[in-house]
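Below is one structure, written out as C-alpha cells; the observations come after it.
Order of listing sets the numbers, starting from 1, for every ligand and every atom in it. All values reported here derive from a predicted model rather than from experimental measurement. Because only heavy atoms are used, hydrogens play no part in the values below, and waters and symmetry mates are left out as well, while side chains stay in.
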Amino acid sequence: MLMFDVIIAGCGPTGAMLAAELRLHDVRVLVLEKDTEPVSFVRIVGLHIRSIELMAMRGLLERVLEHGRQRPAGGFFAAIAKPAPEGLDSAHAYLLGIRQPVIVHLLEEHAIELGAQVRRGCAVADFEQDDEGVTVELADGEQLRSRYLVGCDGGRSTVRKLLGVGFPGEPSRTETLMGEMEVGVPQEEIAAKVAEIRETNKVFSLGPFGEGVYRVVVPVAGVSEDRAEPTLEDFKQQLRAIAGTDFGVHSPRWLSRFGDATRLAERYRVGRVLLAGDAAHIHPPAGGQGLNLGVQDAFNLGWKLAAQIRGWAPEPLLDTYQTERRPVAEDVLDNTRAQMALSSTEPGPQAVRRLLTELMDFDEVNRYLIEKITAIGIRYDFGAGPDLLGRRLRDIDVKQGHLYDLLHRGCGLLLDRTERLTVGGWSDRVDYLADPTAVLDVPCVLLRPDGHVAWIGDDQQDLDDHLARWFGKPAN
Ligand SMILES: Cc1cc2nc3c(=O)[nH]c(=O)nc-3n(C[C@H](O)[C@H](O)[C@H](O)COP(=O)(O)OP(=O)(O)OC[C@H]3O[C@@H](n4cnc5c(N)ncnc54)[C@H](O)[C@@H]3O)c2cc1C
C-alpha cells in the first residue's frame, strides 16, 4: 500500500496552502481532490492584510499581486463605508481582490512546485486510524496509508462526519442567490434602482463586472429544501420581488446560492486526523473572511504537523493548533453574526447600524474592527508578557531588506539586536539574524515559522527555554 506522511482531503485554498507548508519541511504529502477539474465557480474574494502578509512570508506576493486588484483596506465590517484609519500596523495595508479559482490555482501550483502530489477525481470515502497511522479509502475502493490525515474538504466535510466530530451552531435561515449574467436595461436605470434598494437592503447588489456581464447578488427569504443549483427564473422572480423588475437578465455565466449557516467543529483533532478551513468552521461571507481564515489555519498547522513528522515537536505542540485557532474561528463566527444582524432591514438593527456607523468615526473603534476583519489583531495566548508576545510581527525593515523575505523557508527566526545571542543546537530549525539596526523597540524576538512572536528578551538561558518550548530538543 502506498505510504505518505500526510494525506490532505480537499484541494481548496486551505488544502493547497497546507500542502505547500508541509513541503517546506520535506513532508511527503498527497492531496486528494474529489473534483476532476479545478473550480470554475467564480467567487471574488478579498485577501485581507494578514493573508497578504502570509503570501509575502512565503515569496508569493508578486504572483498574487499580479492577479489581483489592490483596494483600500476599510469598509468591510458589515459593509459600513468607513475608510481605514491612518497608520495600520502593516507594510501591506490593503485588500487584494482576487478570484477564488485564481488564488486556489496559485497555491496549488506553489505546493506542486515544492513537491506535493495532487490527485484529482479522488474522493475520500472512508478512513480508519490506528496507533501508527491512517488507512484512507477512496470512493473507488483504493486504499492509501499515511501517518496523518487532514480534512480540508469544505463545509460538508466527509472527514469531519466520519470522525464523528460535532458541528454545532445555527442552520441557514436565509439564502442568497449569486451569479453573473447580462442585463436588458441601461446601466443608469440599474444604478438608480440599486442605490434606492441598498438604502435599506445591504445584501442586494447588481453591478457591471466587465465585458457586459453583471454580478447579481440577491437575498431570498427562507431556505430551499433541496439546495439545488438556482435557475435564471429563480433570479428573475427574486429580482421582481425586491426591485419590482428583473432588469431583463439573460445569458447567465454561472449561478449559485449560499446560505448563512454558522457552525464550529467541537474539536479540530482526533488522534491522527485533523480538520482545517471550512471543514472546521462555516459562516456567512460577511466581511469576506472564510478563505482567509482557512489559509491561516493551514499556516498555523503546517509547521506543527511537520515538526511532529520530523520528530522534533515538543509534546503539546500539535495540540496548540486547536487551542490557538479554534478561538480565532469563534471570534470570526461572532463577528459575522453581528454583521448579519446589522444587515437586517428591520428598524431596530438599522438603528444599531446607524449608531455603529457614528461610533466608527472614533479612530480606536474603526481600528479595532479593521484589525479584527483583517486578522492582524490576533494575539495567541503564550502566557504573561509584553503586548507583542503572541502577536504576529509586521514586515519590518532589516539590514538585508524586508524581514518577511527571510521567512520563505518556513523556519523560525531569532532577530537579535544585541548581537550576543545564539540559536545553538536549534540552528537546523531556527534561522539567526543579528541586526542592531532592525526597526524594533525590543532587544530580540524569536519568531515561529508562522511569524508570531514566541519570545522577547535578551537573556540566553531564557531564550534556550523558549527555543525548547517551541522547537523541541536541540540537536547535538
Ligand atoms: C458567496 C461567497 C463569497 C465569499 N467571499 C469570500 C471572501 O471575500 N473572502 C474570504 O476569505 N472568503 C470568502 N468566502 C468563503 C470561502 O469561499 C471559503 O471559506 C473557502 O473556499 C474555504 O476554503 P476550504 O479550502 O476550507 O474549503 P473549500 O473551498 O470548500 O474546498 C474544499 C475542497 O475539498 C474538496 N472535497 C470535498 N469533499 C471531498 C472528499 N470527500 N474528498 C476529497 N476532496 C473533497 C472540494 O471539492 C473542494 O475542492 C465566500 C464564500 C461564498 C459562498
Determine whether the side chains of [X] and [Y] contain a donor N or O and an acceptor N or O closer than 3.5 Å.
{"X": "Asn335", "Y": "Gln289", "answer": "yes"}
{"X": "Tyr380", "Y": "Arg325", "answer": "yes"}
{"X": "Arg145", "Y": "Thr135", "answer": "yes"}
{"X": "Thr320", "Y": "Lys304", "answer": "yes"}
{"X": "Asn201", "Y": "Thr345", "answer": "no"}

Would you kindly specify which portion of [X] sits under 4.0 Å from ligand 1, judged on non-hydrogen atoms: side chain, backbone, both or neither?
{"X": "Cys122", "answer": "backbone"}
{"X": "His48", "answer": "neither"}
{"X": "Gln100", "answer": "side chain"}
{"X": "Cys152", "answer": "backbone"}

Counting only heavy atoms, tell me which of Thr36, Val332, Asp153 gets closest to atom 37 (C) of ligand 1. Asp153
On a heavy-atom basis, I'd like to know which of Gly290, Gly288, Ala139 is closest to atom 9 (N) of ligand 1. Gly288
Within a distance under 4.0 Å of any heavy atom of [X], pick out the atoms of ligand 1 and give their elements.
{"X": "Gly277", "answer": "26 (O)"}
{"X": "Gly154", "answer": "27 (O), 30 (O), 32 (C)"}
{"X": "Thr158", "answer": "41 (N)"}
{"X": "Met178", "answer": "1 (C)"}

Say whether [X], considering both its backbone and side-chain N or O atoms, lies within less than 3.5 Å of an N or O atom on ligand 1.
{"X": "Pro13", "value": "yes"}
{"X": "Gly46", "value": "yes"}
{"X": "Leu291", "value": "yes"}
{"X": "Val124", "value": "yes"}
{"X": "Phe258", "value": "no"}
{"X": "Ala279", "value": "no"}

Assess the pair Phe76 and His48: is the distance between their ring centroids shorter than 6.0 Å? yes
Which word best sums up how the rings of Tyr94 and His92 line up, parallel for under 30°, tilted for 30 to 60°, or perpendicular for over 60°? perpendicular
Would you call the rings of Trp303 and Trp470 parallel, tilted or perpendicular if under 30° counts as parallel and over 60° as perpendicular? tilted
Side chains of Arg119 and Leu30: closer than 4.5 Å at any heavy-atom pair? yes
